S.K.: 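Questions regarding the structure given below will be posed in turn.
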Amino acid sequence: MATSFQFTIIWFFLFSLLCFDITFAHIIPRFSSSAVHPALDQRSRPAQNGLFRTKFFIQILDHFNYNPQSYQTFQQRYLINDTYWGGADKNAPIFVYTGNEGDIEWFAQNTGFMFETAPYFKALLVFIEHRFYGKSIPFGGNKTVAYANASTLGYLTSTQALADYATLLIDLKRNLSANDSPVVVFGGSYGGMLAAWFRMKYPHVAIGALASSAPILHFMDLVSPYIFNSIITQDFRSESENCYKVLKGSWNLIDDTAKKPGGMELLRKTFRVCKSDDFGPGSLDNWLLGAWVYTAMTDYPTPSNFMNPLPAYPVKKMCEAIDSLVMENNTLAKLFAAASVYYNYSGRATCFDLDDDSDPHDLGGWEWQACTEMIMPTDGSNKESIFPEMDWSYEDTVTYCDFAYNVTPRPYWITSEFGGHAIRRVLKRSASNIIFFNGLRDPWSGGGVLKSISKTIVAIVAKKGAHHVDLRYSSKEDPKWLKDVRKQEILKETINFACNKNERW
């Protein structure tokens with residue numbers, strides 16, 4: 001059943017356009033989990049039957065040029081659910097998810113917010129897959145060709161993706177005779193960035209956006225390169241000072257152990273590394289780093305299965321494993337127990353391939369985006385960090401991207417195209433009807449919009465929230481702080497968004 005918080009989010013969009021006279025002026029860590037190596041027998045979440053029907057749209061390759069190759073087309077996948085739609089004749093709304101860097105079915109299955117609110121607003125649900133991900137592969141659907149080099153991958157950009165969404169939605173509304181049905185876009189993480197940018201760039205297509213955990217400010221010269229790891233550090237330190245100290249000292253412990261006679265075999269045995277994996281201490285470091293990073297991102301208050309099966313409050317569970325007296329004198333065993341919360345909470349895995357590069361959610365294209373326009377500094381670690389102290393280096397990014405793709409990053413393109421500097425002034429002048437949600441336990445919140453900018457550009461901040469927790473299915477186990485956020489939203493709706501007149505969409 002939809003909550004009051006969910007009602008408020010949608011009513012904000014559906015009424016704010018009627019209530020105000022508005023003049024429109026016109027890593028490389030992945031957001032998701034493919035950088036993490038799963039246990040060998042970990043199973044992907046099964047598709048949920050009945051959530052949607054799969055359709056394809058013939059999409060143009062290049063929206064911004066007129067050379068012959070630009071007119072090539074590809075099949076873009078989108079998912080649709082019209083179970084609750086009130087119909088075009090009633091101008092019932094269309095809720096659209098702006099697809100992230102991965103398989104769109106995965107995101108649809110983890111965005112219960114939209115499914116729960118659709119019945120109450122008689123909304124049509126549409127989830128659009130991002131080009132070059134999932135089954136939306138240009139160049140005849142041949143991923144090998146599409147990912148071959150910079151000449152083909154050059155069509156993988158955020159601006160092309162936004163133009164895809166606009167083109168598809170305009171055509172869909174025309175085919176449904178639903179030109180007067182308002183569109184509200186939703187997205188989380190990179191998808192949240194796209195939702196906000198879509199509202200800014202295509203206000204004639206979407207009347208509003210819910211941008212959840214959308215780090216639109218996480219770019220060079222806008223945020224500290226240390227903020228990402230500092231938030232992760234604080235997440236663990238807030239649970240236990242001992243947990244923090246163990247994690248902070250773990251890197252030297254692993255290196256020292258590896259250098260001792262029999263040390264590598266001890267590490268293999270302790271961390272249950274598969275015999276077929278000819279690993280080194282660097283592989284183990286990366287495996288552990290992935291567990292700490294992605295658990296902090298998905299530190300949800302209820303059990304989840306977004307990246308891996310996790311218990312409620314998994315950061316707390318990790319620290320409980322480290323603080324346990326059962327393994328009081330075995331720090332390596334404590335680290336393994338903590339990492340197992342992320343990699344093996346189900347208890348099914350018998351060993352781990354630390355160098356497994358499988359990509360179950362089809363996220364591989366993100367590396368290209370992180371080498372071209374999505375230059376988001378995250379790797380800086382200061383003396384207080386649980387990670388080894390280091391500076392983030394743009395030069396290192398340039399070197400890697402030249403080696404991997406023979407391409408030079410454009411670190412200032414995103415902020416040139418969408419803005420970022422003086423964001424309060426810019427959005428107050430040029431945008432409206434955007435809600436930014438951020439949970440402060442999410443390391444990406446350091447690049448989020450954390451303060452409301454105007455009556456219709458609203459920031460919702462949850463001190464104990466994690467990565468796009470608001471888009472997940474509601475649960476009877478939702479904690480008081482989340483319920484308090486919903487009450488706050490009811491108040492905002494009552495005070496700020498009451499309508500005094502009616503207009504056509």
Side-chain angles (χ1 to χ4, degrees), residues 27-49 51-52 54 76-79 97-112 114 127-138 141 143-144 146-147 153 156 158 161 186-195 212-214 286-287 289-291 293-298 300 303-310 314 342-346 348-349 352-370 374 376 442-444 466-469 471-473:
I27 165 172
I28 311 183
R30 296 178 175 91
F31 287 109
S32 303
S33 62
S34 67
V36 177
H37 306 305
L40 288 182
D41 69 343
Q42 181 178 300
R43 297 176 295 177
S44 300
R45 179 174 179 172
Q48 298 182 21
N49 295 328
L51 280 181
F52 44 72
T54 300
Q76 183 168 28
R77 180 168 58 160
Y78 66 100
L79 315 176
Y97 189 93
T98 49
N100 302 44
E101 72 290 14
D103 188 307
I104 192 60
E105 289 191 7
W106 181 45
F107 294 111
Q109 292 162 12
N110 284 278
T111 310
M114 293 176 64
F127 295 79
I128 310 178
E129 191 162 65
H130 196 297
R131 58 169 52 205
F132 282 83
Y133 293 102
K135 295 184 179 180
S136 300
I137 307 297
K143 192 171 183 179
T144 301
Y147 278 56
L153 279 169
L156 171 52
S158 58
F186 299 72
S189 197
Y190 171 52
M193 300 167 78
L194 292 172
S212 179
S213 298
N286 288 335
W287 189 75
L289 182 147
V293 169
Y294 291 110
T295 300
M297 282 176 57
T298 56
Y300 298 135
S304 66
N305 192 11
F306 177 45
M307 294 182 175
N308 286 344
L310 288 174
Y342 181 78
Y343 289 113
N344 194 26
Y345 186 67
S346 66
R348 299 176 183 275
F352 301 90
D353 182 356
L354 307 189
D355 295 315
D356 177 25
D357 61 354
S358 60
D359 187 10
H361 302 301
D362 198 19
L363 310 168
W366 181 252
E367 188 174 274
W368 163 264
Q369 292 190 259
M374 305 299 290
M376 307 176 78
D442 176 14
W444 289 109
H467 203 50
H468 51 67
V469 64
L471 293 185
R472 300 188 58 75
Y473 280 97

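Please read all numbers here as calculations on a predicted model, not as lab measurements.
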S.K.: Any chance you could measure Y342, atom OH, to M307, atom CE, to the nearest 0.5 Å?
M.R.: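 Answer rounded to 0.5 Å: 5.5 Å.
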S.K.: Can you measure from CG (L363) to CG (N100) and round to the nearest 0.5 angstrom?
M.R.: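 Spacing of CG (L363) from CG (N100) equals 9.5 Å.
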S.K.: A quick test of your reading: do over 12 heavy atoms of other residues, nucleotides or ligands sit less than 6.0 Å from NZ of K135?
M.R.: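 Open: at most 12 neighbouring heavy atoms sit under 6.0 Å from NZ of K135.
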S.K.: What is the minimum heavy-atom distance between S213 and A466, and which atoms define it?
M.R.: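 S213 and A466 have their closest heavy atoms at OG-O, 4.0 Å.
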S.K.: Under the side-chain hydrogen bond (donor to acceptor under 3.5 Å, both in side chains) rule, collect the residues that match up with Y300, sequence neighbours excluded.
M.R.: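 Applying side-chain hydrogen bond (donor to acceptor under 3.5 Å, both in side chains) to Y300 gives none.
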S.K.: Partners of Y133 by side-chain hydrogen bond (donor to acceptor under 3.5 Å, both in side chains), sequence neighbours excluded?
M.R.: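 With sequence neighbours excluded, Y133 shows a side-chain hydrogen bond (donor to acceptor under 3.5 Å, both in side chains) to Q369, given in chain and number order.
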S.K.: Sub-3.5 Å donor-acceptor pair from the side chain of Q76 to the main-chain atoms of E129, do we have one?
M.R.: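 Yes; judged by distance alone, with no hydrogens or angles, the pair exists.
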S.K.: How close do A214 and G192 get, heavy atom to heavy atom, and via which atoms?
M.R.: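 Answer, listing the atom of A214 first, then G192: CB-C, 3.4 Å.
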S.K.: Sub-3.5 Å donor-acceptor pair from the side chain of Y343 to the main-chain atoms of W287, do we have one?
M.R.: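 Checking the backbone N and O of W287 against the side chain of Y343, a donor-acceptor pair under 3.5 Å is found.
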S.K.: Backbone N or O of D362 within a donor-acceptor pair of the D103 side chain at under 3.5 Å?
M.R.: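 Absent.
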S.K.: Would you name the heavy atoms of T298 and P314 that are closest together and state the gap between them?
M.R.: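 Looking at all heavy atoms of both residues, the shortest contact is O-CG, 3.6 Å.
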S.K.: Go through the structure and list residues passing ring-ring contact (aromatic ring centres under 6.0 Å, His included) with H468, not counting sequence neighbours.
M.R.: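 With neighbours one apart ignored, the set is F306.
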S.K.: Relative to the ring of H130, is the ring of Y190 parallel (under 30°), tilted (30 to 60°) or perpendicular (over 60°)?
M.R.: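 Y190 and H130: tilted rings.
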S.K.: Specify the closest pair of heavy atoms between N344 and A349, including all atoms of both residues, with the distance to one decimal.
M.R.: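 The pair with the smallest heavy-atom distance is OD1-N, 2.9 Å.
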S.K.: Indicate the ring-plane relationship of Y147 and F132, choosing parallel, tilted or perpendicular according to the 30° and 60° boundaries.
M.R.: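 Ring orientation of Y147 relative to F132: tilted.
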S.K.: For T98, give me all partners under side-chain hydrogen bond (donor to acceptor under 3.5 Å, both in side chains), at least two apart in sequence or on another chain.
M.R.: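 side-chain hydrogen bond (donor to acceptor under 3.5 Å, both in side chains) check on T98 returns nothing, list empty.
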S.K.: May I ask you to test the N308-Y294 pair for a side-chain heavy-atom distance under 4.5 Å?
M.R.: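 SC-SC contact between N308 and Y294 ruled out.
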S.K.: Under the side chain to side chain contact (heavy atoms under 4.5 Å, CB included) test, which residues partner L79, sequence neighbours left out?
M.R.: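 So L79 forms a side chain to side chain contact (heavy atoms under 4.5 Å, CB included) with F52, T54, R77, I104, E105, A108, F127.
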S.K.: Apply side-chain hydrogen bond (donor to acceptor under 3.5 Å, both in side chains) to T111 and list each qualifying residue two or more places apart in sequence or on a separate chain.
M.R.: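 By the side-chain hydrogen bond (donor to acceptor under 3.5 Å, both in side chains) rule, T111 matches no residue at all.
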S.K.: Quick check: closest heavy atoms across A195 and G187, and the distance to 0.1 Å?
M.R.: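 Minimum heavy-atom contact is CB-N, 3.9 Å.
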S.K.: What distance do S158 atom OG and R131 atom CZ have between them, rounded to the nearest 0.5 Å?
M.R.: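 Nearest 0.5 Å value for the OG-CZ distance: 11.0 Å.
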